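If you're wondering where the values come from, they're calculated on a predicted model, not measured in any experiment. Values reported hereafter were calculated over all heavy atoms of this structure, with side chains retained and with hydrogens, waters and symmetry mates removed. Every chain is numbered from 1 and lettered A, B, ... according to where its sequence line falls, protein lines coming before strand lines.
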Amino acid sequence: MQPAISFLRSTKCRLFASLGLTILMVMGWAGAQDKPVVLRGGKVLTVTHGVIDNGAIVMEGGRITAVGDAGTIHVPAGARVIDVTGMTIYPGLIDSETQLGLTEISAEQTTNDLVELSDEIMPHMHTAEAFHAESALIPVARMNGITNAVIAPESADTLPGQDSFIQLAGADATEMLLIRDNAMPLNFTGDQRRNKGGFEKRKFPSTRMGLAAQLRQAFLDAQDYKLKWTDYERRKADAALNKEKDKKPEPLAPKRDLKSEALLPYLEGKKMIVLAAESPSDLETAVSLANEFKLKFVLNHISHSQPVLDYVAGLKVPVIVGPIYEAPKEDERYDTVYSLPAQLYKRGVKIVFASYSAHNVRNLPDQAGFATAFGLPYDEALKAITLNAAEIWGVAEQLGSLDVGKTANVVVANGDPLDVKTDVKQVFIAGREVPMSDRQVRLRDEYSK
Amino acid sequence: MRLISEKILVLYCVWLTVALASAAALGQAEATAGHDIVIKNAIVMTVTHGNITNGSIYIKDGKIAAVGETVNAPASATVIDAGGKYLTPGIIDSHSHIALDDDVNEATNPITPHMMMKDAFDYQDKAIYRALAGGVTTSLLLHGSANMIGGQAVVIKHKYGAARDEMLFPNAPRSIKFASGENPKRVYGSRDQLPSTRMGNFAVQREALVQAQDYMREWDNYNEKVKRGDKDATPPKHDLKLEALADVLRGKIMVQIHIYRADEMLTEIAMAKEFGYKIRAFHHALEAYKVADQIAANNIAIATFSDWWGFKQEAWDAIPWNATMSMRKGVRVAIKSDSEDYNRRLNQEAAKTMRYGGATEEEALKMITLSPAWIVGVDDRVGSIDVGKDADLVIWGGYPLSSYGVPEKVLIDGDVYFDRSLPGLGTTHYKEGE
């Protein structure tokens with residue numbers, strides 16, 4: 001797969017340069033770390049090069065500048081040295097699907113900006129434009145070591161809009177939105193059908209046939225739209241070239257269509273589709289649709305696709321798996337979904353976890369830990385919320401492991417990152433200490449007086 | 001929390017007729033009744049008297065007959081070698097709505113104390129088995145929170161595959177569900193009915209209790225007349241609704257209240273004093289930490305979530321320290337599921353209290369065993385590993401108070417109901433396809 005970042009760096013969208021894909025190249029935190037910090041003495045889980053038992057890590061200018069043994073690490077001049085003996089140090093965790101910043105109180109509709117239900121094809125919705133940076137939910141999540149997350153619209157539409165990739169700290173939304181429109185969900189789970197409330201209330205598309213036809217039309221429209229613009233550009237160039245000779249009027253520009261425009265980077269394979277399906281039949285329909293339009297994709301959920309895991313492995317794409325707490329179907333064993341990550345891993349599929357949540361993002365690592373009880377190797381479980389996620393989202397150069405040169409997103413905890421009992425003591429984002437307080441801590445302290 | 005489920009449970013295909021299922025289950029029960037079992041080589045977490053490493057349990061007639069480093073058991077007893085693994089009492093979920101086939105709320109009137117959850121109990125619901133596979137052996141199935149006074153609960157044992165009546169917890173005390181806050185006022189307010197405010201909520205509740213007092217007085221008068229030999233005395237009309245509420249006032253039914261906000265807890269405490277009944281537990285109780293002293297002083301327990309928050313306005317002040325802060329103030333605390341999802345891993349939810357507020361291992365375990373047993377009113381029979389109690393036990397793979405604890409075997413009344421090593425569903429009593 002083409003990493004999103006390298007695309008962002010290398011590609012210029014010729015047709016729509018003027019529309020300005022807003023891309024923030026700054027992977028570090030703009031308000032930079034003021035002096036070097038050394039964490040010395042803890043157990044360092046690097047993710048890429050094993051565990052250093054009595055390790056140390058140096059953070060400078062928002063980046064990791066050294067990782068090694070506590071005894072031999074070079075302490076830069078003026079550095080603040082923090083003794084983390086007995087602690088476990090690991091990279092900031094990455095949640096591959098959340099609704100952070102899109103909701104505050106679930107039942108209070110005025111606080112929700114989760115999905116636009118007026119149409120099923122809404123690729124021109126940008127979660128970045130609804131993202132509420134000051135949400136009380138974000139500090140709650142980051143206090144448990146989640147430093148980065150994908151923000152996705154809810155899955156009630158087949159094409160509900162585009163994701164964002166955020167950092168869970170920053171002065172404002174601009175700093176926190178590391179990549180806008182980094183990917184786009186394409187949901188095909190059956191839940192997108194407008195078939196609720198009896199026949200009299202149904203509207204198109206009320207069946208999977210309807211959903212598929214509508215999707216196909218939307219992609220065809222976007223292809224036509226691209227041709228129209230290509231043709232226009234050609235005629236415009238011709239006119240400019242032959243201006244003196246022909247004295248023809250300048251060709252008229254086609255009308256802009258935001259939906260089609262939004263689909264083009266995906267049709268051109270420049271950005272990634274997050275293809276969601278649960279059952280084998282939906283999965284295969286969705287994959288054939290994606291292939292028909294040569295979309296680049298990762299899979300999402302596939303919670304009930306156990307019978308076709310070899311087929312999944314054959315697709316050679318990563319899977320955002322779960323949530324593994326998804327209830328099994330009536331005829332499935334209690335642990336069918338719990339063991340899905342292990343089954344995929346055995347077949348060589350790269351997996352990542354997501355909380356698919358807003359309020360419960362902090363529990364992301366619990367899920368990874370639980371998957372190990374059903375056969376997923378521990379190191380793979382940790383990778384599934386760090387390095388694998390960074391790779392899938394195209395940010396592995398900056399995130400996902402404790403390696404020199406990467407953004408200094410570092411977590412200090414009193415134990416195993418995947419255990420529910422582990423208490424996170426300090427989180428660093430881009431080398432800066434995140435305040436270890438949130439709304440809940442303040443309430444606790446207020447009522448503990 | 002669950003008000004009206006959006007999911008419509010699909011009735012799964014049941015191959016056995018009810019009669020056959022009963023016969024098969026009875027046959028199984030006969031085969032094991034009176035059977036002696038010894039579980040040896042376990043780390044026994046008793047909940048009441050510490051852990052016994054390399055401990056054993058002798059089970060006779062479905063009850064715990066002995067527990068210790070060694071136990072005296074007949075040589076003929078079946079031996080289960082726990083292989084050095086952890087063994088705990090079965091988990092008790094003091095707030096559940098599973099196996100009710102979506103008949104959780106009779107949301108047609110805010111006062112429905114005569115609804116009996118037992119009448120909706122769908123004993124073949126696979127949610128019972130999935131919770132069993134998570135170590136749950138007893139659940140309190142409650143009416144929902146649409147009504148200020150909902151129905152009467154049913155207590156079940158998760159003997160998945162057994163006949164319906166075998167799954168009912170024998171002689172469990174009666175519990176009734178009260179509610180408060182957003183749900184009743186939303187349900188009836190959306191229909192332009194009373195209640196649509198919290199004032200309305202409490203007025204509706206008080207009105208019903210006043211009617212019950214009147215009803216009791218009428219019957220007391222009548223009974224007095226009969227006692228005096230008055231042959232002309234005519235009995236008042238029987239009213240199921242008021243009969244149930246009268247039993248609340250007579251202290252015959254335990255009151256379980258769905259409640260979030262601290263102020264409402266204080267109002268419910270005052271209401272209980274006004275009418276002379278006792279509140280057994282506040283359920284959800286996400287703001288209990290704000291008034292824990294007063295909850296403790298009234299001997300009211302709480303059945304709460306470990307860290308759920310923000311799903312509605314009245315859950316906005318929820319904090320994950322609620323359980324431990326309340327416990328330290330003397331409140332009996334249970335962690336419950338209120339969910340078909342979380343009832344499969346309540347052990348992890350309990351473990352979170354060790355992190356948020358530093359509960360000890362035993363305190364955390366108690367929140368899903370002995371404390372919920374007290375809330376349900378069956379703590380003399382289940383909830384700890386003590387001689388004389390029902391042999392409802394879980395053998396765990398991994399440490400139960402962690403992300404890694406998963407039940408390997410679950411016993412109820414001394415009988416193995418779930419075994420992870422078995423194929424199919426891993427259940428011993430439910431036979432698919434027979």
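- Contact annotation for B:R345: only side-chain heavy atoms (C-beta onward) come within less than 4.5 Å of a heavy atom of chain A.
- Taking 4.5 Å as the limit, every side-chain heavy atom of B:Q348 sits out of range of all side-chain heavy atoms of A:N363.
- Two residues are said to be in side-chain contact when any heavy atoms from C-beta on lie closer than 4.5 Å; B:D307 and A:R362 meet this criterion.
- With a 4.5 Å cut-off on non-hydrogen atoms, A:E332 touches chain B through its backbone but not through its side chain.
- Listed by chain and number, the residues in a side-chain contact (heavy atoms from CB on, under 4.5 Å) with A:D113 are A:A130 (sequence neighbours excluded).
- Within residues 286-295 of chain B, the residues having any heavy atom less than 4.5 Å from a heavy atom of chain A are, in residue-number order, B:Y289, B:K290.
- Of the two parts of B:W321, only the side chain, counted from C-beta on, holds a non-hydrogen atom closer than 4.5 Å to a non-hydrogen atom of chain A.
- Most heavy-atom pairs under 4.5 Å with chain B, from the set A:P365, A:S448, A:G369: that is A:G369.
- Looking at B:V406 and A:Y338, their side chains never come closer than 4.5 Å, going by heavy atoms from C-beta outward.
- A:V420 and B:S403 make their closest contact through N-OG, 3.0 Å (heavy atoms, listed as atom of the first residue, atom of the second, distance).
- B:Y129 contributes a side-chain N or O that, together with a main-chain N or O of A:Y334, makes up a donor-acceptor pair within less than 3.5 Å.
- Put simply, of A:V441, A:T103, A:T111, A:N360, the one with the most heavy-atom pairs under 4.5 Å next to chain B is A:V441.
- Side-chain contact between A:E108 and B:W316 is absent, with no heavy-atom pair separated by less than 4.5 Å.
- Within the 4.5 angstrom heavy-atom criterion, no atom of B:A315 approaches chain A.
- Using a 4.5 Å cut-off between heavy atoms, B:P320 touches chain A through backbone and side chain atoms alike.
- Using a 4.5 Å cut-off on side-chain heavy atoms (C-beta onward), B:D317 and A:R439 make contact.
- For B:Y404 and A:D416, the side-chain atoms include at least one donor-acceptor pair closer than 3.5 Å.
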